[in-house]
**Q** 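Quick one: the structure is below, and I'll ask about it shortly.
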Amino acid sequence: MRRILKQINQNGERWLLLVFYTMIVMTIAIEVLRRFGLAYSSIWGEEIARYAFIYLVWVGVSAAVSERAHIRIDVLLHYLSPRGKAFVYLLGDFVMLAVALLALFYSFETLMTSIKFGSVTHGLRIAQAWFLAAVPFGFTLTCIRLIQSIWRDWGDMRGGRTVFEGHRLFD
Amino acid sequence: MELYQQDAFELVLGWEFWLPLLLALILIVLAVPIWAVLGVTSVAMLYLSGVLPLSLLGEALFDGIDAFALIAVPLFILTGDVLVRTGLSQKLLDVAEALAGGFRSGFGTATVLVCGFFACISGSDAAGAAGVGRMTIDRLVEQGYPRPYACALVAAGACTGILIPPSIAYIIIGLILGISASTLFLAAMIPGLLVMLTIMITNIIMNRIKGYENADQGFSFKRLRKAIYDGRYALIVPFIILGGIYSGIFTPTEAAAVAVVTTIIIGLLQRTITLADFPKMLASSAKVNGVIVPIIAFSLPLAQTLAALEVPQGFAHAMTSMTDSETVIVLMMIFILIVAGCVMETTPNIVILAPILLPLAQEIGMNEIHFCIMMVTSLGVGFITPPLGLNLFVVSGLTGTPILKVAGKAVPYVLAMLCVVLLLAFVPQLSLWALE
């Protein structure tokens, strides 16, 4: 069980992103091929791609948080001591957490309204809720990642260790 | 009577506007990630002004990005990544080198040219900067360019990523203003190539002055033919993408998907990538997508709030009441865009400023497509201006050269691009010619 949790912690988002990315590429490519080969295209092909994209985006936020990859103006960081750096990173994490919690709250509300009224999608005719859930789902992951990150940085700051500066956006 | 009504439109913005703006500036300086800054600003402005319900946030984060056109963003990022990993980018560089063989600044010219090739395939800018930078910066240094200058050259060349179609920037501005991306792509071709040419010429001039590189190997037709033959698969891709979009066979999103699949198939057939490379490739592109798209998503509620506060009309009114001269207004718009490009990322600038500036442009009778070209090109300069120039970030991260050192060497390129912006702004034919 511990091992499974550790795996999820390390690779959870990666697996999900892999699935969504592949779904986007495959569905659009197949739609294009079908339009040429069979002169026929479906309304739900586009829908799958669109919803996979939304999941890709909001799960991606979480992945980028855990690697500290989000774009920021980091000029200030060059002039700070390690402790100051840790403080600035912590501040950034707390602001992100506040926004993520608000986003989680309001997107959850949107989701609940949709469930209440039982809205369905145009193409696939399945509950819209499955797709609306992408936003609260992504922000739940993001909040977890932020709390992990705050925990780690707090320890680093207290212990006087150099703070995690993140991986490069393009490696 | 009409005059009176116009005067009545005077917009007075209170602290419900200025306080969130001030907050945003402070948070930006404190290195808070851009998407969170935009989120805080949106929420603060919604809450203080009360023009729209806060629940707008929950809807915007879903509905705002629920657009087929936006799916082009992750696909173009992925195309750039696949090009690099399959080694097709190296083939493109060989072709560029063979083409530029006769110049004294041969490799510098080839570097800019390969940025242009990249731009025709991938619509994203930073991916191009990273891909080209990795291939060329070390070799530029070998040729005699100082490292910061080499970084600046790549950063400037990579600006063409969003200026030459296909381009994520034109997709987004089209989405915001309701203009078809294919039309914008058609209009953007000449302006984009103009920027590329200008950067190339700037490097040639700089090289003449400083004498960095003297690599005139002579132009050889045989070498070019071999390079084109070796790179034939890589060279087909831009034709598929641009040909498909321009002829109306594909939408930009579909073209991007076709490009991804084509490059992957080429890579698999040439055995430059294997299935085992996929997880890493997709994960890194997904991360970049997870950085870029949320910034768009969080700019949308802010743009909607500003619209509800009637900022666009008020701004247009304030500007036109200040001056009658169209030239001055265009110059002011460019100034605003350049400053915005310095302190903010390109995508939020497009989402927030396009609806604010368009009414002003229409007021002075500017064609909206011409406006889009001027806007995106002006913002493109922001990629190489500190403190927030994405391309500077990428090349500086790639080489470990301090960002301000690179920015210093990028000054001639900033000036050169400004000249192009002015040219495009005052000669609308350059943007509209292709549409006729």
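Just so it is clear, the structure is predicted and the values come from calculations on it, not from any experiment. Below, all heavy atoms of this structure are taken into account, side chains as well, without hydrogens, waters or symmetry copies.
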**Q** In terms of heavy-atom pairs under 4.5 Å, which option from A:Phe108, A:Tyr89, A:Phe36 contacts chain B the most?
**A** A:Phe36
**Q** Among A:Arg14, A:Glu109, A:Glu46, A:Glu47, which has the most heavy-atom pairs under 4.5 Å with chain B?
**A**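 If we count pairs closer than 4.5 Å to chain B, A:Glu46 comes out on top.
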**Q** Let me know if B:Asp66 has heavy atoms under 4.5 Å from chain A in its side chain, its backbone, both or neither.
**A**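 Interface part for B:Asp66: both.
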**Q** Applying side chain to side chain contact (heavy atoms under 4.5 Å, CB included) between B:Cys151 and each of B:Leu392, B:Val395, B:Asn391, report the one that passes.
**A** B:Val395
**Q** Which bit of A:Val57 is near chain B, if near means a heavy-atom gap under 4.5 Å: side chain, backbone, both or neither?
**A**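 It is both, since atoms from each part get that close.
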**Q** Does any backbone or side-chain atom of B:Leu54 lie under 4.5 Å from a heavy atom of chain A? Answer side chain, backbone, both or neither.
**A** both
**Q** Would you call the rings of A:Trp58 and B:Phe298 parallel, tilted or perpendicular, where under 30° means parallel and over 60° means perpendicular?
**A** perpendicular
**Q** Could you look at A:Ala103 and say if it's the side chain, the backbone, both or neither that has a heavy atom under 4.5 Å from chain B?
**A** both
**Q** Chain A: which of B:Ala129, B:Ser285, B:Gly133 shares the most heavy-atom pairs with it under 4.5 Å?
**A** B:Ser285
**Q** Under a 4.5 Å heavy-atom cutoff, which of B:Ala36, B:Pro74, B:Gly39 has the most pairs with chain A?
**A** B:Pro74
**Q** Within this structure, what is the CZ-OH distance for the pair B:Phe62 and A:Tyr51, rounded to the nearest 0.5 Å?
**A**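 If I round to the nearest 0.5 Å, the distance is 5.0 Å.
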**Q** Sort A:Phe139 into side chain, backbone, both or neither according to what part of it lies under 4.5 angstrom from a heavy atom of chain B.
**A** side chain
**Q** Report the distance from atom CE of A:Met23 to atom CZ of A:Phe53, rounding to the nearest 0.5 Å.
**A**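 Atom-to-atom, A:Met23:CE and A:Phe53:CZ are 14.0 Å apart.
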**Q** Return the minimal non-hydrogen interatomic distance between B:Leu61 and A:Val135, and the atom names on each side.
**A** CB-CG1, 3.9 Å
**Q** Which residue out of B:Leu78, B:Thr253, B:Val73 racks up the most heavy-atom pairs below 4.5 Å with chain A?
**A**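 Max contact count across the listed options: B:Leu78.
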**Q** Return the option, out of B:Val32, B:Ile28, B:Val43, B:Asp81, with the maximum number of heavy-atom pairs under 4.5 Å with chain A.
**A** B:Val32
**Q** Are the side chain of B:Thr305 and the backbone of B:Leu46 linked by a donor-acceptor contact shorter than 3.5 Å?
**A** no
**Q** At a heavy-atom distance under 4.5 Å, which candidate from B:Ile403, B:Val261, B:Leu57, B:Leu27 has the highest pair count against chain A?
**A**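 Of B:Ile403, B:Val261, B:Leu57, B:Leu27, B:Leu57 has the most heavy-atom pairs under 4.5 Å with chain A.
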**Q** Of the backbone (N, CA, C, O) and the side chain (C-beta and beyond), which part of B:Val29 lies under 4.5 Å from a heavy atom of chain A, both, or neither?
**A**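 B:Val29 touches chain A through backbone heavy atoms alone.
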**Q** Heavy-atom cut-off 4.5 Å, strictly under: side chain, backbone, both or neither for A:Val61 against chain B?
**A** both
**Q** Please classify the contact of B:Val37 with chain A as side chain, backbone, both or neither, using a heavy-atom distance under 4.5 Å.
**A**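 For B:Val37, there is no contact with chain A at all, as no heavy atom is under 4.5 Å.
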**Q** Pick one: which of A:Thr142, A:Val19, A:Ile54, A:Leu141 meets side chain to side chain contact (heavy atoms under 4.5 Å, CB included) with A:Val59?
**A** A:Leu141
**Q** At a heavy-atom separation under 4.5 Å, does A:Leu132 approach chain B through its side chain, its backbone, both, or neither?
**A**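 Both the backbone and the side chain of A:Leu132 come within 4.5 Å of chain B.
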**Q** Can you name the closest pair of heavy atoms from A:Ala129 and A:Ser114 and give their distance?
**A** N-OG, 3.9 Å
**Q** Shorter than 4.5 Å, heavy atoms on both sides: which option in A:Val88, A:Leu17, A:Leu18 has the most such pairs with chain B?
**A**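 Among A:Val88, A:Leu17, A:Leu18, the one with the most close pairs to chain B is A:Leu18.
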**Q** In terms of heavy-atom pairs under 4.5 Å, which option from B:Ala256, B:Ala257, B:Pro279 contacts chain A the most?
**A** B:Pro279
**Q** Charged N to carboxylate O below 4.0 Å: is that the case for A:Asp153 and A:Arg68?
**A**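 Answer for the salt bridge query: yes.
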**Q** Keeping the roles fixed (side chain from B:Glu254, backbone from B:Thr251), state whether a donor-acceptor pair exists under 3.5 Å.
**A** yes
**Q** Return the CG to CD1 distance between A:Leu91 and A:Ile150, rounded to the nearest 0.5 Å.
**A**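 If we round to the nearest 0.5 Å, A:Leu91:CG and A:Ile150:CD1 are 10.0 Å apart.
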**Q** So that I can tick it off, tell me whether A:Arg145 and A:Glu13 are bridged by a salt bridge, with the cut-off set at under 4.0 angstrom between side-chain N and carboxylate O.
**A**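 Yes, charged N to carboxylate O under 4.0 Å.
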**Q** Please classify the contact of B:Ala67 with chain A as side chain, backbone, both or neither, using a heavy-atom distance under 4.5 Å.
**A**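 B:Ala67 touches chain A through backbone heavy atoms alone.
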